Amino acid sequence: MGRGWKLFIIAIAAAAVLSGAGLLTLSWWLPRLAGFWLPAATTVRLDGNPRWRSGALWLPGLRYRTGDCELARASNVTLGSAEGRWKLGATLLEVNSACFSKLSTSSDQPAAPRSLAEWQSMLPKADVAIERVSLLPWQSWAGALRLNLDPQRQLIHWQGENLSLRAVLAGQQLDVQSLALSVAGMTDPITMNGLLTLPKIPDRLPDSGELAATLKTASVPQPLRASLNWQQNSGTLTLRAQDLEEPLLLLPWRVSAQQIAISQGKWRWPWAAQPVSGGVALTLKDWRQGLPGMEVTGRLNVLTQGRGGKGNVVLSVGPGHLDWTQSELPFRLTGESKLAQLLFFAGIPGKLQGPLLDPVLRLQPGALLRMRGRLLSTLEVDEARWPLSGVAVSSAGIEGRLQAILSAHDNQMGRFRLHLDGRATGFWPDKGRWLWRYWGDGLMAPLAAKWDVKGRGSWQDRQIELASLSTGFDQIRYGGVTMAAPRLTLARPVRWLRDEKTPAFSASLRLNAQRTSLDSGGYLPPAELMLDLNGSDPARFLYKGKLTADPVGPVRIQGRWDGTRLRGQAWWPQQSLRVFQSLLNDDLKMSVRGGTLKAQVAFSAAADQGFAAGGHWVVSDGSVRTPDNQFTGIDFSLPFRLQAGQWYFGAKGPVSLRIKAIKNQFALKNIRADLQGWYPWSAARPLRLSNVGVEVLGGELSLLSLQLPQTEAATLRLKAISMSELVTAIQPKKIAMSGRVDGALPLWLQNSAWLVKEGWITNSGPLTLRLDKDFADALASGNIATGAAMDWLRYMEISRSRATLNIDNKGEMTMTAQVNGTSRFSDKNQHVSLHYTQQENIFQLWRSLRFGDNLQSWTEQHATLSAQGKTE
């Protein structure tokens with residue numbers, strides 16, 4: 001081999017070695033070489049050594065830093081060439097916008113191209129494909145980027161979940177073929193297209209252009225059309241509804257080298273509960289100096305009209321500046337907002353401070369929001385105040401003292417005043433801490449009661465705790481009942497853990513009341529209701545407790561609340577009736593001697609269906625005594641249902657009343673009555689009283705059926721009533737009778753004219769009437785005719801008697817009677833036929849207690865003989 005070939009082979013080997021060494025040391029020399037063209041204090045760093053893969057250079061990672069801030073990083077970068085075009089790719093490119101403010105603007109750096117044409121002329125023929133590009137902190141707009149580049153035409157394609165773009169740049173013409181944005185609150189993505197003319201030097205806004213967009217939102221019943229038009233240094237942004245001629249937003253703007261200004265802007269919103277409108281003005285001075293050097297001034301006002309006339313709320317901002325690191329923008333919200341029923345008054349000065357991407361809103365001394373007006377249909381707010389001085393709001397939470405004061409009244413219910421005072425530390429719902437205390441008082445007019453409330457609580461991260469509560473009335477007086485000093489307190493704090501995986505809610509409530517007095521003279525001993533609550537949150541929990549008023553009770557209660565309906569059950573275990581003795585007025589001289597009570601009730605309550613309940617009360621073997629009466633063997637069964645304010649008695653069988661005996665002037669035995677039906681009653685839902693009966697005076701009184709509303713008479717029947725027992729009971733002094741009578745009294749409880757219509761009474765066997773001799777002699781001595789009649793009535797055997805009676809709804813009774821019988825006087829028998837008519841008010845008759853004397857007086861006044869008396 002010749003020497004030339006040896007030199008050639010050595011050269012080839014040296015070149016290969018140098019190329020390999022250069023490739024292996026690329027991670028060392030490439031960042032240093034790039035540093036000649038990058039801004040000062042910036043560096044490029046490679047993650048690992050580059051490699052050659054599939055005909056392209058592969059870099060595992062590339063990082064670009066400015067100072068101590070990582071401005072950008074790329075992963076799996078590839079660079080190759082095919083068919084005369086460069087191919088650049090990466091799986092990830094992430095850019096941190098917070099580092100922009102740290103880029104150096106030193107004039108020592110090599111001059112970059114100025115014109116757009118110069119930039120385009122430097123572009124190689126290349127295709128760029130990056131699977132994911134993300135600009136922090138706007139990661140939601142991340143997407144895949146495709147660029148098709150050459151000096152004459154550049155194609156841009158972006159595809160992400162919330163943003164897609166397809167545009168073509170040819171020279172100075174940028175054709176936005178399609179742009180779609182997914183924005184919260186919009187039912188469909190915002191779509192946009194248009195044509196822009198870019199300036200020759202890309203350091204200002206496009207020279208001219210026109211963009212059109214379509215928006216759809218759930219709060220607006222029709223699509224919205226937006227257009228942005230401009231020529232040179234001025235233009236207009238317009239937003240319209242599809243079927244409305246007047247625009248919703250009109251912003252004329254002008255740009256100069258010194259400022260960007262929006263002047264005489266207008267806006268309106270016709271779909272709110274109350275239509276609102278206003279104006280907009282905004283000025284950005286020295287905008288070319290970037291955010292730190294730009295001065296911001298603006299004004300936005302809202303015009304309202306409602307209760308009290310017209311209102312105007314103005315938000316003024318600036319002069320101040322916004323900065324990536326330290327913004328300082330003062331603002332003031334002032335004015336009156338007058339809505340349909342409410343009036344708001346604001347005077348809120350403050351400042352926007354801190355980094356632009358994470359600012360702090362600080363409210364200054366004097367910040368106050370007030371409100372008055374009608375909050376509910378009958379509740380009038382005299383004043384509500386929210387002092388906001390010193391409150392700061394940021395992404396970290398709310399800091400400062402939080403207060404609220406509410407004074408209100410209701411013309412029928414009364415008035416009240418409530419206070420809330422607390423302090424927040426880095427607080428957002430379920431984050432940070434908020435401690436508070438509250439207090440208030442008021443007057444509840446329907447109950448003639450003063451009330452008060454106080455307590456304290458906290459919201460620490462995901463746990464809300466009501467540590468103390470005390471609320472109650474000085475008294476409650478309603479419907480003849482007066483309850484002394486009822487008060488609700490916490491036996492155990494209310495705790496609500498708002499955790500998605502293990503939520504929990506618990507509390508223990510105690511309701512105490514002192515003596516409850518009845519206007520009738522009785523009272524209920526001091527009572528206590530204890531309730532334990534356990535569940536996942538205040539909308540879903542179980543409760544369990546008991547009600548006691550020693551010696552009454554305890555009544556056990558349990559149930560659940562599901563956020564819309566309260567359900568529960570109550571059990572009253574069997575207990576002696578004597579514990580209710582205190583409910584009876586001592587003046588009644590009524591003594592409960594025995595018997596038991598037990599009950600069970602189920603209930604539910606919901607806003608859409610109201611209150612519903614059903615249950616069963618049972619009284620067994622009751623015994624009650626008064627000076628004139630003694631009730632023994634009382635059995636009472638009350639099954640019921642209640643829904644929508646209507647009672648149904650006899651849900652699983654009729655309401656049943658049974659009394660073995662009532663001892664009084666008349667001895668009553670085996671009293672019975674059944675009740676079933678609706679109350680209040682109607683024709684479709686009647687109430688029926690049936691199976692009514694009582695054994696009295698040796699016979700029986702019965703009522704087969706009484707229906708309300710009444711469509712037919714309810715007949716009260718008398719069977720075999722002993723007249724001797726009746727006379728003995730009413731104790732006439734000089735008259736005696738024996739025998740039995742039957743009768744039927746058709747009762748009308750709902751009749752415009754009658755209580756009893758065409759009732760009758762007749763004897764069911766022989767009747768005997770006997771007058772005391774001295775009584776009869778005294779009557780006969782005064783008058784010859786009367787004396788003759790008394791002679792016939794001294795002793796009379798009645799073979800047939802019948803009386804008919806009618807009673808009108810005022811109590812006036814008319815009775816017509818016919819009596820046929822035989823009178824025995826002076827050892828002679830005489831046929832007697834007696835006809836008479838009596839009129840008397842039975843209400844007045846029953847009010848009298850001297851039955852014997854009344855009957856005796858009636859005999860003196862009404863005894864007559866038929867002129868056709870016959871002597872045998």
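The shown structure was predicted, so the numbers you read here are calculated from the model rather than taken from an experiment.
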Task: Minimum side-chain heavy-atom gap Gln707-Pro709 below 4.5 Å - done: no

- [ ] Start with the C-alpha gap between Glu840 and Gln838, add the side-chain angles, then the distance that decides, and say whether side chain to side chain donor-acceptor pair (under 3.5 Å) holds.
- [x] CA-CA 7 Å; Glu840 188 166 359; Gln838 177 187 353; 2.8 Å; yes

Open item on the list: For Tyr679, I'd like to know if atom OH has over 12 heavy atoms of other residues, nucleotides or ligands within 6.0 Å.
Closed with: no

Open item on the list: Using side-chain heavy atoms (C-beta onward) and a distance below 4.5 Å, is Phe603 in contact with Gln569?
Closed with: no

TODO: Nearest 0.5 Å please: distance from the CZ atom of Phe473 over to the NZ atom of Lys450.
DONE: 13.5 Å

TODO: Report yes or no: does Ser620 contribute a side-chain atom to a donor-acceptor pair with the main-chain N or O of Thr596 at less than 3.5 Å?
DONE: no

Open item on the list: Could you check whether any side-chain N or O of Ser576 sits under 3.5 Å from a backbone N or O of Val579, counting only pairs where one atom can act as donor and the other as acceptor?
Closed with: no

Open item on the list: Between Ser801 and Asn763, does the side chain to side chain donor-acceptor pair (under 3.5 Å) criterion hold? Intermediate values first, please.
Closed with: CA-CA 6 Å; Ser801 65; Asn763 60 305; 3.2 Å; yes

Open item on the list: Can a donor-acceptor pair be found, under 3.5 Å and without considering hydrogens, that links the side chain of Asp808 to the backbone of Thr814?
Closed with: no

Task: Backbone N/O of Glu797 and side chain of Thr822: donor-acceptor pair under 3.5 Å - done: no

TODO: Determine whether the aromatic ring centres of Phe580 and Trp572 lie less than 6.0 Å apart.
DONE: yes

Open item on the list: Tell me whether Ser799 contacts the main-chain N or O of Asn820 through its side chain, where contact means a donor paired with an acceptor under 3.5 Å.
Closed with: yes

Task: Under-4.0 Å salt bridge between Asp452 and Arg487 - done: yes

Open item on the list: When you compare the side chain of Val655 with that of Gln676, does any pair of heavy atoms fall below 4.5 Å?
Closed with: no

Task: 4.5 Å side-chain heavy-atom contact, Phe649 and Leu638 - done: yes

Open item on the list: For a 4.5 angstrom cut-off between non-hydrogen side-chain atoms, does Leu642 reach Trp647?
Closed with: yes

Open item on the list: Run Gln646 and Arg641 through side chain to side chain donor-acceptor pair (under 3.5 Å) and show every step you take.
Closed with: CA-CA 8 Å; Gln646 189 168 47; Arg641 290 201 307 264; over 6 Å; no

Open item on the list: Has Arg560 got a side-chain atom pairing as donor or acceptor with Leu542's backbone, closer than 3.5 angstrom?
Closed with: no

Open item on the list: We want to know whether Asp562 and Thr564 form a side-chain donor-acceptor pair, criterion being a heavy-atom distance below 3.5 angstrom.
Closed with: yes

Task: Any side-chain heavy-atom pair of Ser705 and Arg688 under 4.5 Å - done: yes

Task: Side-chain donor or acceptor of Thr548 paired with backbone N/O of Pro554 under 3.5 Å - done: no

Task: Side chain Glu695, main chain Glu700, donor-acceptor under 3.5 Å - done: no

Open item on the list: Let me confirm one number: the CG-NZ distance from Leu755 to Lys810, rounded to the nearest 0.5 Å.
Closed with: 12.0 Å

Open item on the list: For Arg565, I'd like to know if atom CZ has over 12 heavy atoms of other residues, nucleotides or ligands within 6.0 Å.
Closed with: yes

- [ ] First locate atom CZ of Arg625, then atom CZ of Phe631, and finally report the distance between them rounded to the nearest 0.5 Å.
- [x] 12.5 Å

- [ ] Check whether more than 12 heavy atoms from other residues, nucleotides or ligands sit under 6.0 Å from atom NZ of Lys544, and answer yes or no.
- [x] no

Task: Carboxylate-amine/guanidinium proximity below 4.0 Å for Asp532 and Lys546 - done: no

Task: Side-chain donor-acceptor contact under 3.5 Å, Arg593 with Ser591 - done: yes

Open item on the list: For the residue pair Ser833 / His835, report whether a side-chain donor-acceptor contact shorter than 3.5 Å exists.
Closed with: yes

Open item on the list: I'd like to know if the side chain of Gln575 and the backbone of Gly553 have a donor-acceptor N/O pair within less than 3.5 Å.
Closed with: yes

Task: Heavy-atom neighbours of Arg415 CZ exceed 12 at 6.0 Å - done: no

Task: Validation row: Ser738, Leu767 side chains within 4.5 angstrom (heavy atoms) - done: no

Task: Any donor-acceptor pair under 3.5 Å from Asn691 side chain to Leu704 backbone - done: no

- [ ] Could you check if a side-chain atom of Pro551 sits within less than 4.5 angstrom of a side-chain atom of Pro525, using non-hydrogen atoms only?
- [x] yes

TODO: May I ask you to establish whether Arg567 and Trp561 are in a cation-pi arrangement, using a distance under 6.0 Å from NZ or CZ to the six-membered ring centre and at most 45° from the ring axis?
DONE: no

